[in-house]
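Positions are given from 1 along the sequence.
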Amino acid sequence: MTKHALVPRTHQTRYWLISVLTLLALAVMFVYPARPTSTSPTHDWLHVEPGTLENRLGLVGRLEAATTSTLAAPFDGLVKTVSVTDGQRVEYNQRLLTLDSSQLDIQLREALAAQLKAQRALEEIQHWPHSGEVARAQRTVTNAQLSLNDTQNKLTDTRRLFDRGIVARMEVEALEQQARMQTLDLAASQAELRATLEKGKGEHRQIAEMECANARSRYQALVALHAQREIRAPFAGIILRPRKQDENATTTIQQGMRATQGMPLFELVSLEHINAVTRIEEADLHQLNEGMRVQITGDGFLGMTLTGKISAISAQRLPSEMHGAGASYGVVATLDPLTQDQQQRVRLGMSARLAIVTYHAENAMAIPVSALDRDHEGRTFVRYQQHREQIPQKVFVTTGRAVPQGVEVFGLAPGYIGMPISQNGTEH
């Protein structure tokens, strides 16, 4: 009786223990969720290798002519012929306009006559010792010397006769007076000869040389102006009307109108050499330097990419219409010479988008920022393996610039780097 009573109680105890253990197992599973085992991967491996790294800064601007020339009238005259019209394309050395040179021809002949006179005067100075004026002065000295010699001979004979008592003393004194006068005349003629000879030396010669040089320069200047009576294009480009400085108007050049020296006749702009002009905020100014490469695109020349480089960055801020606006500075990018096809599609004043290469590095390495880690000494390292079968190791690196691919690093060879994986299986 007692034995049969113990058997059910033992089964009840066993069932109770199983139930308690089951509840404990469920509680443990609920409180401590499943965690990855030590063999679960904590890093994904990314293959890295050297490549080209670039940072670009985008700006918006417009296209302007890099070379603009104002063609002015070289001298006063009437417009004889006009060979071009506004907006016309012209080639190098193409004739644009011809001026009447009638008045210039008169000035040219007068200048030639003045040059010939100055040359003749200079040649006379250069051969001055043989000139007629020097010859006359020498003849005067010779005549004075001969007259004095003749008087002195007569005076000698008269003194001899006076000593013998044949002539009176009065004749001797008269000849002595005549000899003194002729001595003075000889001295004066000799001084005049020296002065005449000096005219071919020193300042006189220098003055003659300068007058001749001035006359020659005036004549050559007029010859050069006369050669410009036909105004030709100094380079290939587009002909525009000249704009007045005092008003927002233009002048139309017509046949028969009078042109004064220095009067603007045409504006010639080059389509081969073009600038892209834009502005940059002061916060981005530190990224630019002259000589940086630029790529230019635009809606007006869609599908075409122009290249160039920054040629100028203004040192003074540009005026702003908004009060309190940040400072901005002008930037000029000079485009590489355009081809004939590009010149046909590009127009001045078109809007342009500039992509400026602010940093460029060949054979450089860049990795995601999340792959970088630091040790207790603050050194930067990555987990690296050259091949996937190798054991990962720490490789200390030096970081550089931030680039679109991540961050540039130095001291890392091509291979695989560890990328941390979060609990949900995605990379940090």
Trainee: Side-chain donor-acceptor pairs under 3.5 Å in residues 223-234, sequence neighbours left out?
Mentor:
from	atom 1	to	atom 2	distance (Å)
His226	ND1	Arg229	NH1	2.9
His226	NE2	Asp105	OD1	3.0
Arg229	NH1	His226	O	2.8
Glu230	OE1	Arg232	NH2	2.9
Arg232	NH1	Asn93	O	3.0

Trainee: Under a plain distance cut-off of 3.5 Å, with no hydrogens placed, do His204 and Gln206 share a side-chain donor-acceptor pair?
Mentor: no

Trainee: Show me the donor-acceptor pairs within less than 3.5 Å that the side chains of residues 286-300 make with the rest of the protein, sequence neighbours left out.
Mentor:
from	atom 1	to	atom 2	distance (Å)
His286	ND1	Ala283	O	3.1
Gln287	NE2	Asp284	OD1	3.4
Arg293	NE	Gly308	O	3.4
Arg293	NH2	Asp336	OD2	3.0
Gln295	OE1	Arg56	NH1	3.0
Asp299	OD1	Arg353	NH1	3.2

Trainee: Between Asp341 and Thr339, do the side chains contain a donor N or O and an acceptor N or O under 3.5 Å apart?
Mentor: no

Trainee: Okay, side chain of Asp76, backbone of Gln261: is any donor-acceptor separation there less than 3.5 Å?
Mentor: yes

Trainee: Taking Gln255 for its side chain and Lys80 for its backbone only, find out whether a donor-acceptor pair lies under 3.5 Å.
Mentor: yes

Trainee: Using only atom types and a distance under 3.5 Å, with no angle test, would you say the side chain of Glu362 pairs donor to acceptor with the backbone of Thr52?
Mentor: no

Trainee: Is it the case that Asn275 and Thr334 place a side-chain donor and acceptor less than 3.5 Å from each other?
Mentor: yes

Trainee: Check whether any side-chain N or O of Ser314 sits under 3.5 Å from a backbone N or O of Gly330 as a donor-acceptor pair, and report yes or no.
Mentor: yes

Trainee: Closer than 4.0 angstrom, basic N to acidic O: yes or no for Arg194 and Glu198?
Mentor: no

Trainee: Would Tyr359 and Glu408 count as having a side-chain donor-acceptor pair, cut-off 3.5 Å?
Mentor: yes

Trainee: Calculate, to the nearest 0.5 Å, the distance between atoms CZ and CG belonging to Arg345 and Leu338 respectively.
Mentor: 12.0 Å

Trainee: Would you say Arg62 and Ser351 are linked by a side-chain donor-acceptor pair, where the criterion is simply a distance under 3.5 Å?
Mentor: no

Trainee: Report the C-alpha separation of Thr140 and Ser189 in whole Å, then their side-chain angles, then the decisive distance to 0.1 Å, and conclude whether the side-chain hydrogen bond (donor to acceptor under 3.5 Å, both in side chains) test is met.
Mentor: CA-CA 6 Å; Thr140 301; Ser189 60; over 6 Å; no

Trainee: Does Arg317 make a cation-pi contact with Tyr329 (under 6.0 Å, within 45 degrees of the axis)?
Mentor: no

Trainee: Looking only at atom types and distance, does a side-chain atom of Thr380 sit under 3.5 Å from a main-chain N or O of Arg374, one as donor and one as acceptor?
Mentor: no

